[in-house]
Protein chains: 2
Amino acid sequence: MSVRRVTSQDVAEHAGVSQSAVSRVFTPGASVSKKMEARVRASAEALGYRPNVLARSLITGRSRIIGLVVAYLDNQFYPEALERLSRALQAEGYHVLVFMSREGEDLDEVIQEILDYQVDGIVAASVSMSDELARRCRAAGKPVVLFNRGQEDAGLAQVTSANRAGGRKVAAHFVAAGHKRIAHISGWAGSMTGRDRAAGFAEGLKAAGVPLLEIVDGEYRWERAAEAARWLMAEIKPDAIFVGNDVMAFSVMDTLRFELGLRVPQDVAVVGYDDVAMAAWPAYDLTTVRQPADRMVRATVELLLERIETPSAAPRRIEIDGPLVRRGSTSAEVKA
Amino acid sequence: MSVRRVTSQDVAEHAGVSQSAVSRVFTPGASVSKKMEARVRASAEALGYRPNVLARSLITGRSRIIGLVVAYLDNQFYPEALERLSRALQAEGYHVLVFMSREGEDLDEVIQEILDYQVDGIVAASVSMSDELARRCRAAGKPVVLFNRGQEDAGLAQVTSANRAGGRKVAAHFVAAGHKRIAHISGWAGSMTGRDRAAGFAEGLKAAGVPLLEIVDGEYRWERAAEAARWLMAEIKPDAIFVGNDVMAFSVMDTLRFELGLRVPQDVAVVGYDDVAMAAWPAYDLTTVRQPADRMVRATVELLLERIETPSAAPRRIEIDGPLVRRGSTSAEVKA
DNA sequence: AGGGTTTTTGCAGAGGTATGCAAAATGCCG
DNA sequence: CGGCATTTTGCATACCTCTGCAAAAACCCT
């Protein structure tokens, strides 16, 4: 019943060599003669041997596992990023072990579990980390990269898009189109991404001398965004709304069109943030600031590997700029 | 620089007991006195000790890792399922190691890599497995569960929704609404899910004596679905289209409305399959057959754990029925 | 051929934990 | 308090691989 695994010892016996020799054949960069390599590989092939990654990690101290903490996958941006991240790491010989956490729930337990697996590094996507946790990861020698969520305090590596600049781009776009009544449904105020986008937007409007009539926290939630839209249209009556991410922007557009009977962009212009695949679909055709998932993921992998190779390297912060993608949810005409 | 890990040996010395004692404290069901437990836990706490999952797995033969193979995450159904799967397994003390593969690409390399990690089981989502691969997993004693993709030949455990029945439900719905010109843009013909939905749909129409004018393979791809819709409207002019999944249905609706200027459901009724979150959004308001991700995931976990506990258990197949969810993309009125 | 260099190989120990077995400790009862 | 049954503990070994070190082999050059 029990399945006997094929071990390097078995291969060694079959090939009539020592176990060390087998190990060396499967260790890149080790010293093995051509002849030895051929013999061992033949035996390994015959027996169907492959090194046990876990046993190997025990001695090398490298598991080739990266822990990923993520709170939810219903914002399209995250599956997209996860897919790319997984592929990129796979190409480097690493694999992603997934840990779901809930916003608000204490990360402690989750991080402990991650560390139990002796991961080589941790990517925390859209979750914030307490200083205490960061300290513990440092103590364990595990590099952490925050993905798409900045943090002021802790000395953590992080990759974000240029959220502040993005907010300014949206402001400039609204101003150029001549909008006067402008509002913002922000990303969760507890997140730096949300705050930065809002801050950049406010800055940009201020610089142009156009007032920002109202900011409502949409908490990155579909339902909250819809409520915010209803309230804004009842109380403020803006003619342009910048929404903190695409998913909320879709919610806002649906509310405007199907519940309030308004036209986008003629009655209200809407801009989102992320540029997920759906933003380009005709039903929404959403003007939005692109977060270049591809480049963000590449930067994340780079940072992670850098710190795995060189644990002494200081944690860096990388910010990636993304363009404003103009589509039909904002009008093209520029008023003078 | 190098971070000395805290081991059970360290805890043992600190507590003045043997290493075995420490091990037993952290092994559920082992024999330890109250006093011993308290002492060890105190020392463990003081030193910040937690058992090394990898070292443990070396001796128990259980890694508490489940390998997940998935081809793409851009169909919303999969991130949804992945999130639930990960949470459900987490609750059972397992974790998901992600392996991205590409449709068509040979799974061989991927499966080998999975096995290298000594996973306790494998979930293959929307990928088909060759008999050879299935054989190899069996040889390695690793249970495999196919998620949302059936397969006739191999004796593999699998969880699917009742695709055939689902297809019939759609047929009945169209027939009841009095549609006469009916077409189908199917899921990829190379997948059993796609074939079953199409077969059920055809059966249902045949039983009602309504012809199925055309079937086009949409390959589960957004762009292919749009092309299929253009072609159908040019050549066949159906008044009702059943589309093999929601994502393709969205594409079809967009093409009908924004490219061809047709109204849904007045000119053409559209039905999808999956009931992803977006299907309920007002912009689409799509009638669709629900795949109960929750129950499908629960069944998957059940099957997996069952076979991990009892390797001799025969692989079972579970089919989960889902309702037709009526929404605005099909008309309500039933003609006599 | 011989001596020195370099390469290749095997030996043995380590990495962190679980567990069968025997010894020690505890509990029970008369 | 003695004797026996039961529980708890420690010892030693196993899991599978990598790697430093020293021995063996191969190579090179005169």
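Because the structure is predicted, anything quoted here is derived from the model rather than measured. We name chains A, B, ... by the order of the sequence lines, and we start the count at 1 in each one.
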> Starting at the 5' end of DNA chain D and moving along, which residue's nearest nucleotide shows up first, Ile59(B) or Thr7(A)?
Replying inline: Ile59(B)
How long is the line joining [atom1] of [X] and [atom2] of [N], in whole Å?
X        : N       : atom1 : atom2 : value
Arg5(A)  : dA14(D) : CZ    : P     : 16 Å
Glu13(A) : dG10(C) : CD    : P     : 13 Å
Lys35(B) : dG27(C) : NZ    : C1'   : 13 Å
Leu58(A) : dC15(D) : CG    : C1'   : 9 Å
Arg39(A) : dT8(C)  : CZ    : P     : 15 Å
Gln9(A)  : dC11(C) : CD    : P     : 10 Å
Arg62(A) : dG15(C) : CZ    : P     : 17 Å
Leu54(B) : dC16(D) : CG    : C1'   : 12 Å

Is any side-chain N or O of [X] under 3.5 Å from a base N or O of [N], one able to act as donor and the other as acceptor?
X        : N       : answer
Thr60(A) : dC18(D) : no
Arg56(A) : dG15(C) : no
Gln19(A) : dC11(C) : no
Ser20(B) : dC11(D) : yes

Is [X] touching bases, backbone alone, or none of the nucleic acid, heavy atoms closer than 4.0 Å?
X        : answer
Arg24(A) : base
Ser33(A) : sugar-phosphate
Val17(A) : sugar-phosphate

>> Side-chain N or O of Ser31(A) versus OP1/OP2 of dT8(C): is the shortest distance under 4.0 Å?
In response: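 For dT8(C), OP1 or OP2 has a side-chain N or O of Ser31(A) closer than 4.0 Å.
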>> At less than 4.0 Å, is any side-chain N or O atom of Tyr117(A) found next to OP1 or OP2 of dG16(C)? Yes or no.
In response: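 Answer no for this pair, as no side-chain N or O of Tyr117(A) is under 4.0 Å from OP1 or OP2.
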>> Treating Asn163(A) as the side-chain partner and Ser161(A) as the backbone partner, does any N or O pair qualify as donor plus acceptor under 3.5 Å?
In response: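 Yes: the side chain of Asn163(A) pairs with the backbone of Ser161(A).
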> Within the distance-only criterion (no hydrogens, no angle test), does the side chain of Ser101(A) pair as donor or acceptor with the backbone N or O of Leu107(A) below 3.5 angstrom?
Replying inline: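 Not confirmed, Ser101(A) side chain does not pair with Leu107(A) backbone.
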> Just wondering, more than 12 heavy atoms not from Glu45(B) lying within 6.0 Å of its CD?
Replying inline: no
> Does NZ or CZ of Arg41(B) fall inside the cone over Phe26(B)'s six-membered ring, less than 6.0 Å from its centre and within 45° of the axis?
Replying inline: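 The answer is yes, since Arg41(B) meets both limits relative to Phe26(B).
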>> What's the closest nucleotide to the side chain of Ala55(A) if the choices are dG10(C), dC16(D), dT19(D)?
In response: dC16(D)
>> Set out, in order, the CA-CA distance, both residues' side-chain angles and the distance that settles side chain to side chain contact (heavy atoms under 4.5 Å, CB included) for Leu133(B) and Arg136(B), then state yes or no.
In response: CA-CA 5 Å; Leu133(B) 271 171; Arg136(B) 198 149 37 182; 3.6 Å; yes
